[in-house]
Enquirer: 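Here's a structure for you.
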Amino acid sequence: MTVVRTAVAAACLALVLVGAAAAADGGSSTYTVSQRTYYFTLFNSGTTIWQYFVLVGPVGASFIGGTTSVENSAHCVAGEPDGVANEIECGPLTLAASVHLGFVATLAAPVACGSPFQLEVSSTSGASFTRVGDATLAGSCAAAAPAATSPPAIHGTPKVGRTLTATAPTWNEAPTGVTYQWQLCTRSGCVPIRGAIKLSLKLTKRVAGQTVRVLATATFGGLHVESVSTRIAVRS
């Protein structure tokens with residue numbers, strides 16, 4: 001009996017050692033975000049293959065679903081493995097050491113900018129997970145200053161008697177208001193054309209032989225941001 005017990009104990013110890021050797025031993029992740037869509041890049045920096053992973057969001061986060069970039073067999077389930085809304089589990093997959101994996105997740109609502117997501121992985125059946133490096137934001141939470149992403153553009157034939165029209169600029173955020181002013185330009189600078197405050201300008205003899213442009217001024221709270229078109233030479 002002593003021999004049998006010793007053999008059983010040795011076998012159990014071997015299983016424990018195998019399990020310890022198979023545990024995930026390194027990993028990290030970064031993410032970018034666009035509204036409710038989160039783009040994760042997971043990296044296995046350890047020596048064992050990952051078969052499952054879990055991402056745990058901050059308190060209040062709620063995963064709707066997700067997909068991996070290369071594993072067609074991987075099945076991602078929001079709310080698993082513990083039935084909590086801020087978790088999502090994916091697997092089975094085969095992520096070897098020193099390999100990256102893309103993962104795209106949708107949340108019910110964005111979380112606070114820069115919030116970390118806890119990354120847990122399993123190198124076995126997914127019954128137990130090891131926490132590795134947290135997923136951190138790849139970028140800055142600093143808000144971009146209001147600006148035009150494209151300036152106003154003038155269209156039409158620049159000839160006396162014709163009418164020029166302008167397309168409005170686009171902005172990196174919605175302004176509370178935008179005003180327009182056509183200007184008459186010389187080498188020394190530009191001055192407003194009285195009453196020309198719409199996106200169209202009737203060309204008169206007064207502007208023949210000179211150049212015109214349109215100035216757009218957007219309001220963002222108490223801030224005013226300008227954007228101007230290129231100058232157009234007017235023919236008589």
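Counting begins at 1 with the first residue of the sequence.
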Enquirer: Quick one: are the ring centres of Tyr39 and Tyr31 less than 6.0 Å apart?
Expert: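 Ring centres of Tyr31 and Tyr39 not closer than 6.0 Å.
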Enquirer: If only atom types and distance count, is the side chain of Asn44 paired as donor or acceptor with the main-chain N or O of Val99 below 3.5 Å?
Expert: no
Enquirer: Shortest non-hydrogen contact from Leu42 to Trp50?
Expert: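 Looks like CB-CZ3, 4.3 Å.
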Enquirer: Once rounded to the nearest 0.5 Å, what's the spacing between atom CZ of Phe40 and atom OG1 of Thr68?
Expert: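 Reported to 0.5 Å precision, the distance equals 13.5 Å.
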Enquirer: Which heavy atom of Leu119 sits nearest to which heavy atom of Ser29, and what is that distance?
Expert: CD2-CB, 4.0 Å
Enquirer: Hey, is the main chain of Cys185 close enough, under 3.5 Å, to the side chain of Thr211 for a donor-acceptor pair?
Expert: yes
Enquirer: Looking only at heavy atoms, what is the nearest atom pair of Ile193 and Val212, with distance?
Expert: CD1-CG1, 4.2 Å
Enquirer: Can you name the nearest heavy-atom pair linking Ala216 to Pro169, along with the distance?
Expert: CB-CG, 3.7 Å
Enquirer: Are the side chain of Ser229 and the backbone of Val214 linked by a donor-acceptor contact shorter than 3.5 Å?
Expert: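 It does hold such a pair.
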Enquirer: Measure from the side-chain N and O atoms of Lys205 to the backbone N and O of Val160, and report whether any donor-acceptor pair falls under 3.5 Å.
Expert: no
Enquirer: Counting only heavy atoms from other residues, nucleotides and ligands, does the tally under 6.0 Å from CD1 of Ile64 exceed 12?
Expert: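 Yes.
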Enquirer: Mind running side chain to side chain donor-acceptor pair (under 3.5 Å) on Thr170 and Ser150 for me, showing each step along the way?
Expert: CA-CA 5 Å; Thr170 56; Ser150 64; 2.6 Å; yes
Enquirer: What about Phe103 and Phe53, are their ring centers closer than 6.0 Å?
Expert: yes
Enquirer: How close do Leu137 and Thr32 get, counting heavy atoms only, and between which atoms?
Expert: CD1-CA, 4.4 Å
Enquirer: Can you check whether Thr124's main-chain N or O pairs, donor with acceptor, with Ser122's side chain at less than 3.5 Å?
Expert: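 Pair found, side chain donor or acceptor close to backbone of Thr124.
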Enquirer: Would you say Glu120 and Gln118 are linked by a side-chain donor-acceptor pair, where the criterion is simply a distance under 3.5 Å?
Expert: yes
Enquirer: Does any N or O in the side chain of Glu87 come within less than 3.5 Å of the main-chain N or O of Asp82, such that one atom is a donor and the other an acceptor?
Expert: yes
Enquirer: Please check: side-chain N/O of Ser236 versus main-chain N/O of Ala208, any donor-acceptor pairing under 3.5 Å?
Expert: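 Between the backbone of Ala208 and the side chain of Ser236 there is no qualifying donor-acceptor contact (under 3.5 Å).
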Enquirer: Output yes when a side-chain donor or acceptor of Trp182 lies under 3.5 Å from a complementary backbone atom of Arg194, and no otherwise.
Expert: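 Checking the backbone N and O of Arg194 against the side chain of Trp182, no donor-acceptor pair under 3.5 Å is found.
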Enquirer: So which heavy atom on Ala168 is nearest to which on Tyr180, and how close?
Expert: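 Between these two residues, the closest heavy atoms are CB-OH, 3.2 Å.
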Enquirer: Closer than 3.5 angstrom, by distance alone: can the side chain of Asn86 be matched with the main-chain N or O of Phe63 as a donor-acceptor pair?
Expert: no
Enquirer: Classify the side-chain pair Thr176/Thr219 by whether it contains a donor and acceptor separated by less than 3.5 Å.
Expert: no
Enquirer: Does a side-chain heavy-atom distance below 4.5 Å link Glu89 with Tyr52?
Expert: yes
